[in-house]
2 protein chains.
Amino acid sequence: MTKIATPSLRERRKAETWTALHEAAASLALERGLEHATVEAIADSAGVSSRTFFNYFRAKEDAVLGLQEPVLDPQLLSRISPRVDLVGQVSRLLVAVARTALGSTDARRRRQLMAAYPHLAQRQMEYMVKAEALVCEAVASVLAGDPSWAAGAEGFGADDTARMLVMIAGIPVRFNLTSAGYDPVRGLRPEDLDPSLALLRQIQRKLS
Amino acid sequence: MTKIATPSLRERRKAETWTALHEAAASLALERGLEHATVEAIADSAGVSSRTFFNYFRAKEDAVLGLQEPVLDPQLLSRISPRVDLVGQVSRLLVAVARTALGSTDARRRRQLMAAYPHLAQRQMEYMVKAEALVCEAVASVLAGDPSWAAGAEGFGADDTARMLVMIAGIPVRFNLTSAGYDPVRGLRPEDLDPSLALLRQIQRKLS
DNA sequence: TTTCACAAATGCAGACTTGCAGTTCCGCAA
DNA sequence: TTGCGGAACTGCAAGTCTGCATTTGTGAAA
């Protein structure tokens, strides 16, 4: 028997309203333009009041893209082993967490919207930052349990080391997200990181 | 005869209004709390209309901190030599540019405000992002003129290389800005970067 | 000196966002 | 089945922010 057998009526209705709002926001934005898709119109279209809209989404942009708070699956964390390709592992973890913030949306629509309104991408980036913070905390706890990292570096603690490590691992992710070739429809996939991880290694070698 | 001998009356009045608004915003926020210092009150106190307030500042927070658009001095750029400690040089350039976004404010007041309202610091970080974008473009042009970097790396162009390099150089800056010991009053100074640059090098050595 | 172009300021209207208080209705336990 | 506590919804009011049309006053040219 799985946990998600029968969500209560309350939860079901909540999910329905979320979807209705997201759906309304995306399609209205597409058909009449983002600036003419007012919150009031979106809420009306979903059958709730404007005020309720903001109980579901912090901002209109979030509703259009279907953005949610990112979540870190503990399973993924337990699979991290600090010995080999740590940057690669953390980068992929970042991507996995970041993906949880993206609700499912019709691919075609998503492409059109993000192409037409660049600040939607910026909004998405803010969720990326949240994901980074989440991962940062988690990685710190992993490193604390590993003898070769627990000590930290000279003049810095293990937390500082973890924080900087996550920043380094964030580079390939941010690089991909800001690349011209980035396809917001597919989103970012762990394997997409390989080229930018290679570039990072190349630059580091060149610098030293 | 310097260029700034006599700014026109227009420019002088503009600067005066800017200062008056910033002054009013900071002191009102301090004495009655940020949320009770409304834009209308700030504008009144500076002797202009609410609408005019937004001709000078994008948001109330910017007025309180006296934030401006960051600027890159071409002189600094011309001093970059891509051969030695490139990351360090770009990091310091980032700091220099970021500092141009911070208008002069009374130190005591600044400390109190940023301590009381953490989202002011977040707002400041957004200007940091702009500075990074500015530097990124500039560094790309510098690297393009250097034979050992102009080619880029395999599979990537020189612009990509520059972009990632600036991201790497941004790490020590972001690290310092998010450190517990960061003092928003003094702001960030180029020499503060040395320890975090060392930490970055240490971690990179450990990873390879 | 007069005139002209333009930057700055303003009022107004409308949209976004949040806090507060009151109401409705689901879920649970007696 | 009933009743209760709390979650969700709602309207309202205040504040933030932007676009547009209009006015005012400065700086410069004629």
Side-chain angles (χ1 to χ4, degrees), chain A residues 3-22 24-26 28-29 32-65 67-69 117-120 122-123 126-127, chain B residues 3-22 24-26 28-29 32-65 67-69 117-120 122-123 126-127:
Chain A
K3 248 186 284 185
I4 41 171
T6 32
S8 69
L9 173 57
R10 214 171 244 178
E11 281 164 16
R12 240 180 306 138
R13 290 202 15 166
K14 191 163 183 173
E16 274 168 24
T17 305
W18 190 94
T19 305
L21 282 169
H22 167 40
L28 282 181
R32 61 172 82 162
L34 185 55
E35 54 281 0
H36 297 114
T38 65
V39 169
E40 192 178 357
I42 294 168
D44 276 359
S45 170
V48 296
S49 77
S50 315
R51 187 65 189 79
T52 298
F53 174 91
F54 290 102
N55 292 340
Y56 285 83
F57 297 98
R58 284 174 202 238
K60 191 170 78 171
E61 285 71 24
D62 294 3
V64 170
L65 295 177
L67 295 175
Q68 313 165 13
E69 288 296 310
Y117 308 102
H119 70 281
L120 291 179
Q122 188 188 333
R123 185 76 191 171
E126 288 173 31
Y127 279 76
Chain B
K3 246 185 284 182
I4 41 172
T6 34
S8 70
L9 173 59
R10 212 174 249 175
E11 281 163 18
R12 240 180 307 139
R13 292 204 16 165
K14 190 163 183 173
E16 274 167 25
T17 305
W18 189 94
T19 306
L21 282 169
H22 168 39
L28 282 180
R32 62 172 80 162
L34 185 55
E35 54 281 357
H36 297 113
T38 65
V39 169
E40 193 178 357
I42 294 169
D44 276 357
S45 169
V48 296
S49 77
S50 309
R51 186 63 188 79
T52 298
F53 174 92
F54 292 103
N55 291 341
Y56 285 84
F57 296 99
R58 283 174 204 237
K60 191 170 76 173
E61 285 70 25
D62 294 3
V64 170
L65 295 179
L67 294 174
Q68 314 165 12
E69 287 297 309
Y117 307 102
H119 71 280
L120 291 179
Q122 189 188 331
R123 185 76 190 173
E126 287 172 32
Y127 278 76

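Protein chains get the first letters and strands the later ones, always in sequence-line order, with residue 1 at the start of each.
- Distances were taken from every side-chain heavy atom of A:S8 (C-beta onward) to each of C:dG27, C:dA8, D:dC9; the shortest belongs to C:dG27.
- Remark: A:H36 NE2 is loosely packed, at most 12 non-hydrogen atoms of other residues, nucleotides or ligands lying under 6.0 Å away.
- Rounded to an integer number of Å, the gap from B:H36 NE2 to D:dT16 P is 11 Å.
- Applying the side-chain contact (heavy atoms from CB on, under 4.5 Å) criterion to A:A41, with sequence neighbours excluded, gives A:L28, A:R32, A:T38.
- Here CG of B:L21 is found 8.5 Å from OG1 of B:T52. Values are rounded to the nearest 0.5 Å.
- In this structure, the CD atom of A:E61 is 9 Å from the P atom of C:dC16, given to the nearest Å.
- Atoms NZ (A:K14) and P (D:dA7) sit 10 Å apart, rounded to a whole Å.
- Annotation for B:Q122: atom CD does not count as buried by contact number, only 12 or fewer foreign heavy atoms lying within 6.0 Å.
- Note: CZ (B:F57) to C1' (D:dT18) measures 18 Å, nearest angstrom.
- Atom-to-atom distance recorded for A:H22:NE2 and A:Q68:CD is 8.5 Å, nearest 0.5 angstrom.
- Considering only side-chain atoms of A:R51, the nucleotide from D:dC20, D:dA8, C:dC20 that sits closest is C:dC20.
- As a whole-Å value, the separation of B:N55 CG from D:dC20 C1' is 13 Å.
- For the pair B:L28 CG and D:dG15 C1', the interatomic distance rounds to 15 Å; values are reported in whole Å.
- Within the nucleic acid shown, A:Y56 comes within 4.0 Å of sugar-phosphate atoms alone, with no base atom in reach, counting heavy atoms only.
- The distance between atom CG of A:L34 and atom C1' of C:dA15, rounded to the nearest whole Å, is 12 Å.
- Taking the six-membered ring for Trp and thresholds of 30 and 60 degrees, B:F53 and B:F57 have ring planes inclined between 30 and 60 degrees apart.
- For A:R10, taking side-chain heavy atoms from C-beta onward, the closest of the listed nucleotides D:dA7, D:dT10, C:dT17 is D:dA7.
- Judged by distance alone, the side chain of B:K14 and the main-chain N or O of B:Y56 form no donor-acceptor pair under 3.5 Å.
- Against DNA chain C, the stretch residues 38-49 of chain B makes heavy-atom approaches under 4.0 Å through B:V48, B:S49.
- Closest to the side chain of A:K60, from the set D:dG11, C:dC16, D:dT18, is C:dC16.
- Protein atom CG of B:L21 is 15 Å distant from nucleotide atom C1' of D:dC17, rounded to whole Å.
- If B:R13 and B:R58 are placed on DNA chain D by their nearest nucleotide, the residue sitting closer to the 5' end is B:R58.
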